[in-house]
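None of the values given here were measured: they were computed from a predicted structure. One-based numbering, in listed order, for ligands and for the atoms of each.
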Amino acid sequence: MPIVKNLSRAVSQLLQSSGCGCGISIVPVRCIGVSPRQVASDASFHSVSFSESDHPRVLITGGLGQLGVGLAKLLRKRFGKNNVILSDIRKPADNVFYSGPFIYADILDYKNLREIVVNNRITWLFHYSALLSAVGEANVPLARAVNITGLHNVLDIAAEHNLRLFVPSTIGAFGPTSPRDPTPDLCIQRPRTIYGVSKVHAELMGEYYHYRYGLDFRCLRYPGIISADSQPGGGTTDYAVQIFHDAIKTGKFQCNLKPDTRLPMMYIDDCLKATLEVMEAPAEALSMRTYNISAMSFTPEELAQEVQKHVPELQVTYNVDEVRQAIADSWPMNFDDRNARRDWGWKHDYDLPELVTTMFSFLGSDSRIAQAN
Ligand SMILES: NC(=O)c1ccc[n+]([C@@H]2O[C@H](COP(=O)([O-])OP(=O)(O)OC[C@H]3O[C@@H](n4cnc5c(N)ncnc54)[C@H](O)[C@@H]3O)[C@@H](O)[C@H]2O)c1
Ligand SMILES: C[C@@H](O)[C@H](N)C(=O)O
């Protein structure tokens, strides 16, 4: 970034020659090309240099949602239990608390987050905190704060401390004017939810910080994620998890989307595998910083038919939630992920039949355990 460097040099010369006798001068660090926050000019930066031969020291924000605990498990297997810190503002269940380091971290508290990164010598940050699409529409001010202000805190801390930063985006980052079948990586993005708007903002800000400050920002647009051992946090794709629980518990499922609503979906193991793979990919392999990833795409009717192969007596009815339906109707039906497949070898393992079989073997074995106790 020669222009930035020249500008920085010129600004710092100007400041030095200004003869300001006010002791510690406060300069926008943006001018010296280190971090965009305003900090004291004599502050010492805790830029941990991360050697590729070392294990990263990982922090996961918003880690007690649908995806974070599974991610921590995968990363701990790879990098060691104590190198992966799970964090959230909620109280962890016993099994989570005793499975590895957990810490309270509110992403809206910049100072607290910075302290955690410094004290724990964090080198990689997975930023999972968010309000999802449906809960976001129900509380726009909170979604704006968590998804946008929180992201700003995370970006600044990541830039200041040389972190490798992963921020997930979503199919929800597209809108009704985007091509929907398939949706490529680069196309019109005019989402109509605060969730989608905040995710487009995250993609753009992360990429801007990458080009402007050299931040190692990496981002995947996840489809709707399906998991057996964790509950979704209030999204439009939640029905695709609920159907399994209801099929086992009551044999009845009421779907809040129309039967022919097609959306991209993915089993959690594929999603977490992709997340680790893109974080480990050599920088030279990444021709972009934000990638679509895809595995399958189905409608509620198609999912119900596959589930009925395992639970033939399942009765499915439809009671459409207008908010969720409008959101789903504006999202991609199929995701084009050819760039991820080409650049860093992305390949999914689970298609629809495999997903359904895996969900039932997981939930089935759980219910057998519950019955035995
Ligand atoms: N689950 C999916 O289907 C899906 C799909 C696409 C993208 N994503 C993205 O993946 C990430 C994780 O998704 P998830 O399904 O686990 O979400 P989730 O809603 O289940 O969990 C989000 C977590 O963020 C935490 N949080 C809220 N406010 C916070 C704050 N101020 N400080 C710290 N934490 C806070 C919540 O307590 C919650 O545990 C999100 O960024 C989401 O947008 C998820
Ligand atoms: C798709 C995703 O971002 C989330 N599951 C939602 O529906 O909001």
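Annotation: Trp331 places no N or O atom under 3.5 Å from an N or O atom of ligand 2; distance criterion only. Residue Asp238 has no nitrogen or oxygen atom sitting less than 3.5 Å from a nitrogen or oxygen atom of ligand 2, judged on distance alone.
Remark: ligand 2 atoms within the under-4.0 Å shell around heavy atoms of Thr170 are 1 (C), 2 (C), 3 (O). Listed by number with element, the atoms of ligand 2 under 4.0 Å from a non-hydrogen atom of Tyr195 are 2 (C), 3 (O), 8 (O). The atoms of ligand 2 that sit less than 4.0 Å from any heavy atom of Leu132 are 8 (O). Using a 4.0 Å cut-off to heavy atoms of Thr236, the atoms of ligand 2 that qualify are 6 (C), 7 (O), 8 (O).
Side-chain contact, Thr193 with Ser133: no donor N or O sits under 3.5 Å from an acceptor N or O.
Side-chain contact between Leu132 and Thr237: absent, with no pair of heavy atoms (C-beta onward) separated by less than 4.5 Å. Looking at heavy atoms from C-beta onward, Asn147 lies out of side-chain contact with Lys199 at the 4.5 angstrom threshold.
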Can you check side chain to side chain contact (heavy atoms under 4.5 Å, CB included) on Arg262 and Asn334, steps first, answer last?
-> CA-CA 8 Å; Arg262 181 172 301 283; Asn334 280 294; 4.0 Å; yes
Stepwise side chain to side chain contact (heavy atoms under 4.5 Å, CB included) check, Ile194 with Glu137 = CA-CA 7 Å; Ile194 186 64; Glu137 289 312 291; 3.5 Å; yes
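Taking the six-membered ring where the residue is Trp, the centroids of Trp124 and Phe79 are separated by under 6.0 Å.
If you check which protein heavy atom lies closest to atom 5 (N) of ligand 2, you get Thr237 OG1, 2.8 Å. Among protein heavy atoms, atom 8 (O) of ligand 2 sits closest to Ser133 OG, 2.6 Å.
Remark: side-chain polar atoms of Arg90 are paired, donor with acceptor, to backbone N or O of Leu64 under 3.5 angstrom. For Asn256 (side chain) and Asp321 (main-chain N/O), no donor-acceptor pair under 3.5 Å exists by modelled atom type.
No part of Tyr222 comes within 4.0 Å of ligand 2, judged by heavy-atom distances.
Across all their heavy atoms, Ala202 and Phe217 have their closest contact at O-CZ, 3.7 Å.
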List, pair by pair, the atoms of ligand 1 and of the protein that are both N or O and lie under 3.5 Å apart, giving the separation rounded to 0.1 Å.
from: ligand 1; atom 1: 1 (N); to: Gln66; atom 2: OE1; distance (Å): 2.9
from: ligand 1; atom 1: 3 (O); to: Ile225; atom 2: N; distance (Å): 2.9
from: ligand 1; atom 1: 16 (O); to: Gln66; atom 2: N; distance (Å): 3.0
from: ligand 1; atom 1: 16 (O); to: Leu67; atom 2: N; distance (Å): 2.9
from: ligand 1; atom 1: 20 (O); to: Gln66; atom 2: N; distance (Å): 2.9
from: ligand 1; atom 1: 31 (N); to: Asp106; atom 2: OD1; distance (Å): 2.9
from: ligand 1; atom 1: 32 (N); to: Ile107; atom 2: N; distance (Å): 3.0
from: ligand 1; atom 1: 34 (N); to: Ser129; atom 2: OG; distance (Å): 3.1
from: ligand 1; atom 1: 37 (O); to: Asp88; atom 2: OD1; distance (Å): 2.7
from: ligand 1; atom 1: 37 (O); to: Arg90; atom 2: NE; distance (Å): 3.2
from: ligand 1; atom 1: 39 (O); to: Gly65; atom 2: N; distance (Å): 3.3
from: ligand 1; atom 1: 39 (O); to: Asp88; atom 2: OD2; distance (Å): 2.6
from: ligand 1; atom 1: 39 (O); to: Arg90; atom 2: NE; distance (Å): 3.3
from: ligand 1; atom 1: 39 (O); to: Arg90; atom 2: NH2; distance (Å): 2.8
from: ligand 1; atom 1: 41 (O); to: Tyr128; atom 2: O; distance (Å): 3.2
from: ligand 1; atom 1: 41 (O); to: Lys199; atom 2: NZ; distance (Å): 2.9
from: ligand 1; atom 1: 43 (O); to: Tyr195; atom 2: OH; distance (Å): 2.6
from: ligand 1; atom 1: 43 (O); to: Lys199; atom 2: NZ; distance (Å): 3.1

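In the hydrophobic clustering of this structure, Val278 groups with Tyr267; members are Ile, Leu, Val, Met, Phe, Trp, Tyr whose side-chain heavy atoms approach within less than 4.5 Å, directly or through other members.
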